[in-house]
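This is a predicted model, so every value here is computed, not measured.
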Amino acid sequence: MSVVVRMAPSPTGLLHIGNVRTALFNWLFARHEGGEFRLRIENTDTSREVAEAVDQIQDSLRWLGLDWDGPLTFQLDRIEDCRRLAGQLLSEGKAYEDEGAIRFRMPDEGVTAWDDVVRGRIEYPNDKLEDVVIVRSDGRPTYNFASPLEDVWDGITHVIRGDDHIPNTPKQLNIIRAVGGDVPVYGHVPMINGADGKPLSKRHGSVNVQDFRAEGYLPEALMNFLALLGWAPDGETTLMGREELVERFSLERVSPSPAQFDYQKLDWMNGVYVRELAPGDFSHRLVLWLGEQGYDWDAELVSRAAPLVQEKIATLSQFPAYAGFLFHDVEPDPAELDGGGAMLAAATEALRGLEPFDAAAIEAALRATADGLGLKPRQAFQPVRVAVTGSRVSPGLFESIELLGRATSLNRLEKAAAASG
RNA sequence: GCCCCCAUCGACUAGCGGUCCAGGUCGCGGCCCUUUCAAGGCCGUAGCACGGGUUCGAAUCCCGUUGGGGGCACCA
């Protein structure tokens, strides 16, 4: 039997990273098994629906590379089928009317149990199960009715979802049995918490896929990081590309205990992926990201600046802070010029007629200048760096000056020399 | 209140009864390299929540305690 799994978000807003992690597990499992990963929108509660949500969900999944099989389906489209089945249950005495709504009759005795792929056997005493409403008095089916029905109709073999659904499972199990459907295998994966152990929310940092994208994380890095939240192939491997993740993933190794989202580790991992990018790919992504964020910086110059920062930045969003001086004026803080007036003046002269004006020649000239003034490289170059880039932290000084060009560099050096006396 | 789930370094985890005085990664600290910042190299820091069992032997199995989390809608 071929595996069919699904992601079934409700279109109430942006995709939460926790839902994405659950989606990722579904996707990895499907791809590993050569099965299907479906995307289904659970929109029976039209009052909470957000217009753009369906598009945003798809954009986010595409960005991460979580492709789905078959058409996007909507729960709303199957309302009639749900009602028909509710009527059937009614006529069979398995459900009853209650103030205009229809309730499903849960068993009163015994237990409802299932073997959860990630947590083992779970049992629920049936006398704790309430007769859930399956159709509201206005005729719309409820989640606990529509969702398991859709799982049956879609031939879902494994329901992999957040563990907040554990209490729903025995109810859905009974409903599926009542309509004579095949019961899927269930697996409840833990939720993701923030550093304080509370469910991950806005106050911890980014939580929506779009936030991570806007902050310049690479989708492959985010995927790698997310996969390791609650799953590990062994005790050693931490860096895995999508191929390897698909190849090694298994539901049995998903941990039942909740994980905390460690933004620092994500930053580290993203930096690793940034550094591993082919130079051309890196600059390409920078250009795209800058465009998305509304910068209208010259793509050619961005591409030339990219190699200078590729080893230094962890996220694409750090690019402007490092290389912004190439695209706009800078205003060095005189205090940070560190009394380097003599060096600044001497550097200006050293560079004025320098040929060729490239990093190697610039380095030789500035080192000679520093020597001439009896300054250590560190003392000599820092004021120059601040003058030229406006900051104490920058890409390599000599490459930066070369890229900036002679005219602008000299101009900034002269201004700084004057400012520092 | 009732029901359910979870529990190894600060964090993510490996460990599925002996090979563990617990391994890897992030973080953190130190040193090296160095034009800043990174990156890189080396060294180090730190953990089986607690209490009972079971067993020749427990991080690993069982029970309890404590601590976290989730659920109890005509939301999904």
Side-chain angles (χ1 to χ4, degrees), chain A residues 8-12 41-45 47-49 75 98-103 116 118-120 122-125 127-130 132-147 161-170 188 190-193 195-199 225 227-239 252-253 255-269 271-272 274-275 309-314 318 321-322 336 363 366-367 370 375-386 389 391-400:
Chain A
S10 55
T12 51
I41 305 296
E42 305 207 315
N43 59 343
T44 39
D45 184 9
S47 65
R48 294 206 309 158
E49 189 159 348
Q75 200 162 68
D98 177 27
E99 307 214 24
I102 301 176
R103 284 186 188 275
D116 197 284
V118 341
R119 323 174 171 250
I122 299 180
E123 299 190 345
Y124 263 79
D127 59 2
K128 298 289 181 197
L129 259 30
E130 294 201 327
V132 293
V133 168
I134 56 177
V135 178
R136 302 176 176 86
S137 51
D138 67 4
R140 286 150 51 222
T142 60
Y143 162 78
N144 268 322
F145 188 49
S147 185
R161 55 178 19 168
D163 65 10
D164 51 334
H165 282 290
I166 289 179
N168 288 328
T169 303
H188 291 90
M191 318 255 44
I192 294 177
N193 295 332
D196 55 2
K198 307 274 190 229
F225 177 78
L228 256 21
L229 246 34
W231 175 81
D234 54 50
E236 317 296 309
T237 319
T238 68
L239 263 12
E252 290 70 29
R253 290 189 64 88
S255 162
S257 61
Q260 291 187 23
F261 196 101
D262 184 349
Y263 292 92
Q264 273 188 311
K265 188 164 184 176
L266 205 215
D267 282 349
W268 164 77
M269 192 173 282
V272 171
V274 162
R275 275 172 252 128
V309 301
Q310 187 166 4
E311 270 211 352
K312 297 175 182 294
I313 66 177
Q318 290 173 338
Y322 272 86
E336 294 191 340
E363 174 166 9
L366 291 183
R367 283 193 189 280
L375 294 171
K376 298 207 156 142
R378 185 187 210 89
Q379 300 172 287
F381 298 152
Q382 208 51 2
V384 176
R385 181 189 313 284
V386 171
T389 71
S391 167
R392 298 175 118 131
V393 175
S394 80
L397 218 210
F398 319 119
E399 293 80 359
S400 293

Choose from [options] the nucleotide whose nearest atom is closest to any side-chain atom of [X].
{"X": "A/Glu236", "options": "B/C6, B/G23, B/A76", "result": "B/G23"}
{"X": "A/Tyr322", "options": "B/C74, B/G71, B/C37", "result": "B/C37"}
{"X": "A/Glu99", "options": "B/C2, B/G70, B/C74", "result": "B/C74"}
{"X": "A/Ser257", "options": "B/A7, B/A76, B/C26", "result": "B/A7"}
{"X": "A/Glu130", "options": "B/C28, B/A76, B/C72", "result": "B/C72"}

So what does [X] touch, heavy atoms closer than 4.0 Å: a base, only the sugar-phosphate, or nothing?
{"X": "A/Arg253", "result": "sugar-phosphate"}
{"X": "A/Glu311", "result": "base"}
{"X": "A/Thr12", "result": "nothing"}
{"X": "A/Lys198", "result": "sugar-phosphate"}
{"X": "A/Arg119", "result": "sugar-phosphate"}
{"X": "A/His188", "result": "nothing"}
{"X": "A/Pro190", "result": "nothing"}
{"X": "A/Ala101", "result": "base"}
{"X": "A/Asp267", "result": "nothing"}

d([atom1], [X]; [atom2], [N]) in whole Å:
{"X": "A/Arg140", "N": "B/C75", "atom1": "CZ", "atom2": "P", "result": "7 Å"}
{"X": "A/Gln318", "N": "B/A39", "atom1": "CD", "atom2": "C1'", "result": "13 Å"}
{"X": "A/Leu266", "N": "B/G27", "atom1": "CG", "atom2": "P", "result": "12 Å"}
{"X": "A/Tyr124", "N": "B/C2", "atom1": "OH", "atom2": "P", "result": "15 Å"}
{"X": "A/Leu229", "N": "B/A14", "atom1": "CG", "atom2": "P", "result": "12 Å"}
{"X": "A/Tyr263", "N": "B/C28", "atom1": "OH", "atom2": "C1'", "result": "21 Å"}
{"X": "A/Phe145", "N": "B/A76", "atom1": "CZ", "atom2": "P", "result": "13 Å"}

Sort out the partner of [N] for me: Watson-Crick or G-U wobble, both distances under 3.5 Å, none otherwise.
{"N": "B/C21", "value": "none"}
{"N": "B/U36", "value": "none"}
{"N": "B/C42", "value": "B/G30"}
{"N": "B/G1", "value": "B/C72"}
{"N": "B/G64", "value": "B/C50"}

* B/A76 OP1/OP2 closer than 4.0 Å to side-chain N/O of A/Arg48 -> no
* Asked: Quick one: is B/A76 close enough that its OP1 or OP2 comes under 4.0 Å of any side-chain N or O from A/Thr44?
  -> yes
Whole-Å [atom1] distance, [N] and [M]:
{"N": "B/G23", "M": "B/G15", "atom1": "C1'", "value": "9 Å"}
{"N": "B/U60", "M": "B/A49", "atom1": "C1'", "value": "16 Å"}
{"N": "B/A22", "M": "B/U8", "atom1": "C1'", "value": "8 Å"}
{"N": "B/U55", "M": "B/C62", "atom1": "C1'", "value": "12 Å"}
{"N": "B/A11", "M": "B/C28", "atom1": "C1'", "value": "12 Å"}
{"N": "B/U13", "M": "B/G47", "atom1": "C1'", "value": "12 Å"}
{"N": "B/C3", "M": "B/C9", "atom1": "C1'", "value": "34 Å"}
{"N": "B/C56", "M": "B/G51", "atom1": "C1'", "value": "23 Å"}

Would you kindly check whether a donor in the side chain of [X] faces an acceptor in the base of [N], or vice versa, at under 3.5 angstrom?
{"X": "A/Ser394", "N": "B/C37", "value": "no"}
{"X": "A/Lys312", "N": "B/C37", "value": "yes"}
{"X": "A/Lys265", "N": "B/U13", "value": "no"}
{"X": "A/Asn43", "N": "B/A76", "value": "no"}

Which atom pairs link the protein and nucleotides 31-35 of chain B when you take only N or O atoms and keep those under 3.5 Å?
residue : atom : partner  : partner atom : Å
B/U35   : OP1  : A/Arg367 : NH2          : 2.9
B/U35   : O2'  : A/Arg385 : NH2          : 3.0
B/U35   : O2   : A/Arg385 : NH2          : 2.4

* So, for A/Tyr263 and A/Phe225, is the gap between ring centers shorter than 6.0 Å? -> no
* **A/Phe145-A/Tyr143 aromatic ring centre distance below 6.0 Å** => no
* Asked: Is A/Glu311 salt-bridged to A/Arg275, cutoff N-O under 4.0 Å?
  -> no
Could you tell me whether the side chain of [X] and the main chain of [Y] form a donor-acceptor pair under 3.5 Å?
{"X": "A/Asp262", "Y": "A/Lys265", "value": "yes"}
{"X": "A/Glu336", "Y": "A/Ser391", "value": "no"}
{"X": "A/Arg103", "Y": "A/Val132", "value": "no"}
{"X": "A/Ser255", "Y": "A/Trp231", "value": "no"}
{"X": "A/Arg140", "Y": "A/Thr44", "value": "yes"}
{"X": "A/Asp116", "Y": "A/His188", "value": "yes"}

* Asked: Ring-on-base stacking between A/His165 and B/A76, under 5.5 Å between centres and under 30° between planes: is it there?
  -> yes
* Asked: Does A/Ala259 or A/Lys128 map to a spot on RNA chain B nearer the 5' end, using the closest nucleotide for each?
  -> A/Lys128
* To do: Nearest-nucleotide wise, let me know which of A/Ile122 and A/Trp268 is further upstream toward the 5' end of RNA chain B.
  => A/Ile122
* Might you point out which heavy atoms bring A/Lys312 and A/Gln318 nearest each other, and give the distance in Å? => O-OE1, 4.5 Å
* Asked: Among A/Asp163, A/Thr169, A/Asn168, whose side-chain hydrogen bond (donor to acceptor under 3.5 Å, both in side chains) with A/His165 holds?
  -> A/Asn168
